[in-house]
Amino acid sequence: MKVFVKWCSGSLLPNIAAIKKQVFFGLMMVLSVVATVMLSFPLNAQITPGAGLASELRGVWLTNIDSDVLFERDRLKTSLQSLDKLNFNTVYPAVWNWGYTLYPSKVAAKVIGRAIDPTPGLQGRDMLKEIVTEGHKQGLTVIPWFEFGFMAPADSLLAKNRPQWLTSRSNGSRIVKEGKHDRVWLNPFRPDVQQFIQDLIVEIVRNYDVDGIQFDDHFGLPSELGYDAYTVALYKKEHRGQAPSKNPRDPEWLRWRASKITNFMQRVFKAIKATKKDCLVSVAPNPQRFSYDYFLADWQKWERMGLIEELVLQIYRDDLNVFVQELEYPEVKAAKAHIPVSIGILSGLKNRSVPMQQIQTQVQKVRDRNFAGVSFFFYETLWNLSQEASAKRQAGFQQIFSQPAKYPNLITGWKP
């Protein structure tokens with residue numbers, strides 16, 4: 001018996017240890033295979049949809065200028081579906097252009113005399129409601145864009161019916177050329193003009209399930225204007241009877257007008273939030289120096305005051321060095337540390353094709369600097385108006401946005 005026990009302890013026990021070791025390694029191999037299989041499943045099979053996606057703005061402006069995307073229901077629906085398939089996540093549809101609303105508006109009907117732009121393709125339908133409904137169905141963020149701001153065509157009903165609302169240069173002239181078009185500007189310092197613009201904005205926020213509202217430089221005023229009788233009288237009242245400088249770029253005269261526009265921006269922000277607190281306020285201006293000097297739009301101050309919840313900086317430059325330089329200015333970096341700052345990139349114009357290679361390079365420069373994303377001006381030039389083949393352009397955007405990404409929403413937890 002003693003010999004048997006000694007034999008067992010010397011022979012079987014080491015074998016049992018070896019067996020345990022083999023079982024352990026076998027279990028580890030099985031767990032490794034299971035983990036590999038699990039990781040091969042689509043992300044949405046493992047987590048709540050969107051929870052694990054990267055955050056990046058992928059936007060595009062939809063406009064009624066040099067584009068017919070808004071003018072037919074099925075075309076619009078198909079376009080939104082195409083954007084979703086290419087992993088875009090945000091659209092900025094124009095809703096205020098050429099002196100008209102592009103949606104049925106009771107405010108416009110009362111002030112202008114027409115409830116909607118007279119273009120045939122907009123009649124008998126609510127384009128904005130269609131975009132909100134189909135856009136949200138496709139998972140797109142919808143932020144209507146007040147493209148014309150205080151600007152209107154010189155021959156528009158608005159300009160003809162409300163001539164007292166228009167502002168002028170020091171010589172009394174009102175026409176401002178925009179390309180070949182004659183424009184006039186509503187006086188942003190008049191209470192009745194301010195109320196009209198604010199009423200249009202609140203009307204959309206109240207009646208449509210939009211995710212935000214966007215303004216640009218046209219929410220300011222060309223700095224050569226502001227010499228109408230009303231504004232001059234207001235300036236004199238606040239400066240002991242002294243008239244404004246005849247030099248439209250005089251620093252004090254610039255500051256005073258820009259400050260008044262900032263005050264209105266603050267009022268509009270409060271009105272939007274009082275109507276719908278989770279409606280984002282987005283601004284898509286030119287770089288600060290141009291916006292302030294030429295349009296009295298002091299977006300740097302607006303951002304510091306907390307009046308901007310999304311900044312999409314328009315940098316429409318062909319020269320890559322100049323493009324990159326605009327990304328590096330202190331006010332841009334300061335905003336980027338506070339709110340989602342994305343870059344507006346030119347994808348082309350009616351008579352100006354921008355190569356896909358240039359677009360891809362600019363997107364990469366933006367990503368290299370950790371901006372919140374990009375938006376393209378404008379939809380029609382993504383792949384329809386281009387010297388490059390439509391299929392090639394779409395393949396290029398598919399390469400840029402190879403995976404889905406969620407919209408960087410400041411209100412729902414975006415962090416710099």
Side-chain angles (χ1 to χ4, degrees), residues 39-45 47 49-63 67 69 75-92 134-135 137-143 284 310 312-324 326-327 336 340-350 352-409 414:
L39 288 173
S40 71
F41 289 156
L43 282 176
N44 59 10
I47 57 177
L53 295 179
S55 169
E56 182 178 61
L57 174 70
R58 292 150 175 204
V60 61
W61 283 280
L62 311 178
T63 181
S67 175
V69 65
R75 181 188 299 120
L76 178 57
K77 181 178 180 179
T78 301
S79 299
L80 294 173
Q81 292 171 348
S82 297
L83 290 171
D84 175 55
K85 288 178 182 177
L86 291 172
N87 292 326
F88 283 78
N89 58 23
T90 307
V91 289
Y92 301 104
E134 184 63 29
K137 182 179 177 182
Q138 300 299 329
L140 298 170
T141 297
V142 180
I143 302 179
E310 174 192 77
V312 186
L313 194 61
Q314 298 178 38
I315 305 182
Y316 302 155
R317 309 286 188 270
D318 288 332
D319 187 317
L320 187 60
N321 291 328
V322 175
F323 179 86
V324 170
E326 294 287 0
L327 304 177
K336 191 157 67 84
V341 176
S342 300
I343 302 302
I345 293 175
L346 186 67
S347 54
L349 297 172
K350 182 180 180 180
R352 176 182 168 192
S353 182
V354 175
M356 177 52 67
Q357 180 60 55
Q358 176 176 313
I359 293 171
Q360 291 177 326
T361 300
Q362 291 186 349
V363 170
Q364 190 57 51
K365 295 298 181 183
V366 171
R367 285 173 168 167
D368 289 344
R369 287 157 181 78
N370 295 316
F371 281 87
V374 294
S375 186
F376 298 103
F377 186 82
F378 59 105
Y379 172 79
E380 216 64 50
T381 58
L382 292 180
W383 49 76
N384 292 331
L385 289 178
S386 174
Q387 293 178 0
E388 297 172 319
S390 177
K392 178 183 177 182
R393 298 280 289 191
Q394 293 194 39
F397 284 107
Q398 187 74 73
Q399 186 177 354
I400 294 173
F401 302 143
S402 59
Q403 298 294 328
K406 61 184 178 180
Y407 171 80
N409 192 326
W414 174 91

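Note that the numbering runs from 1 along the sequence shown for the chain.
Here the CZ atom belonging to Phe397 is positioned 8.5 Å from the CD atom belonging to Gln360, to the nearest 0.5 angstrom. With values rounded to the nearest 0.5 angstrom, Leu86 atom CG is found 11.5 Å from Ser402 atom OG. Of the inter-residue distances, the one linking Lys85 atom NZ with Gln394 atom CD reads 10.0 Å to the nearest 0.5 angstrom. Going from atom CZ of Arg393 over to atom OG of Ser353 covers 5.5 Å, rounded to the nearest 0.5 Å. Interatomic distance, CG of Leu57 versus NZ of Lys406, reported as 14.0 Å (0.5 Å rounding). From Lys392, atom NZ reaches atom CD of Gln387 across 11.0 Å, with rounding to the nearest 0.5 Å.
No side-chain heavy atom of Leu346 sits less than 4.5 Å from a side-chain heavy atom of Gln314. For the pair Leu382 and Leu83, the minimum side-chain heavy-atom distance is below 4.5 Å. Considering only heavy atoms from C-beta on, Met356 comes within 4.5 Å of Ile359 through its side chain. No side-chain heavy atom of Ser342 sits less than 4.5 Å from a side-chain heavy atom of Glu310. Between Arg367 and Ile400 there is a side-chain heavy-atom pair separated by less than 4.5 Å. Taking 4.5 Å as the limit, every side-chain heavy atom of Val354 sits out of range of all side-chain heavy atoms of Ser347.
The shortest non-hydrogen separation linking Leu80 to Gly135 is CD1-N, 4.0 Å. Heavy atoms only, all atoms of each residue included: Ala372 and Pro408 are closest at O-CG, 4.0 Å. Heavy atoms only, all atoms of each residue included: Glu326 and Arg317 are closest at OE2-NH2, 3.6 Å.
When ring centroids are compared, Tyr92 and Trp61 come within the 6.0 Å threshold.
In this structure, the side-chain contact (heavy atoms from CB on, under 4.5 Å) partners of Asp84, at least two apart in sequence or on a different chain, are Gln138. Not counting sequence neighbours, the partners of Thr141 by the side-chain contact (heavy atoms from CB on, under 4.5 Å) test are Thr90, Ile143, Asp211, Tyr407.
When atom types are taken as modelled, the side chain of Thr381 and the backbone of Phe378 share a donor-acceptor pair closer than 3.5 angstrom. Gln362 places no side-chain N or O within donor-acceptor distance of the main-chain N or O of Ile345, the cut-off being under 3.5 Å. Remark: the backbone N or O of Asn89 is not paired with any side-chain donor or acceptor of Arg58 at under 3.5 angstrom.
Ring orientation note: the planes of Phe88 and Phe401 are nearly perpendicular, at an angle over 60° on the 30°/60° scale.
Partner of Tyr379 under the ring pair (Phe, Tyr, Trp, His ring centres under 6.0 Å) criterion, chosen from Phe377, Phe376, Trp383: Trp383.
Applying the salt bridge (charged side-chain N to carboxylate O under 4.0 Å, His left out) definition to pairs two or more places apart or across chains, those involving residues 352-366 are Asp318-Arg352.
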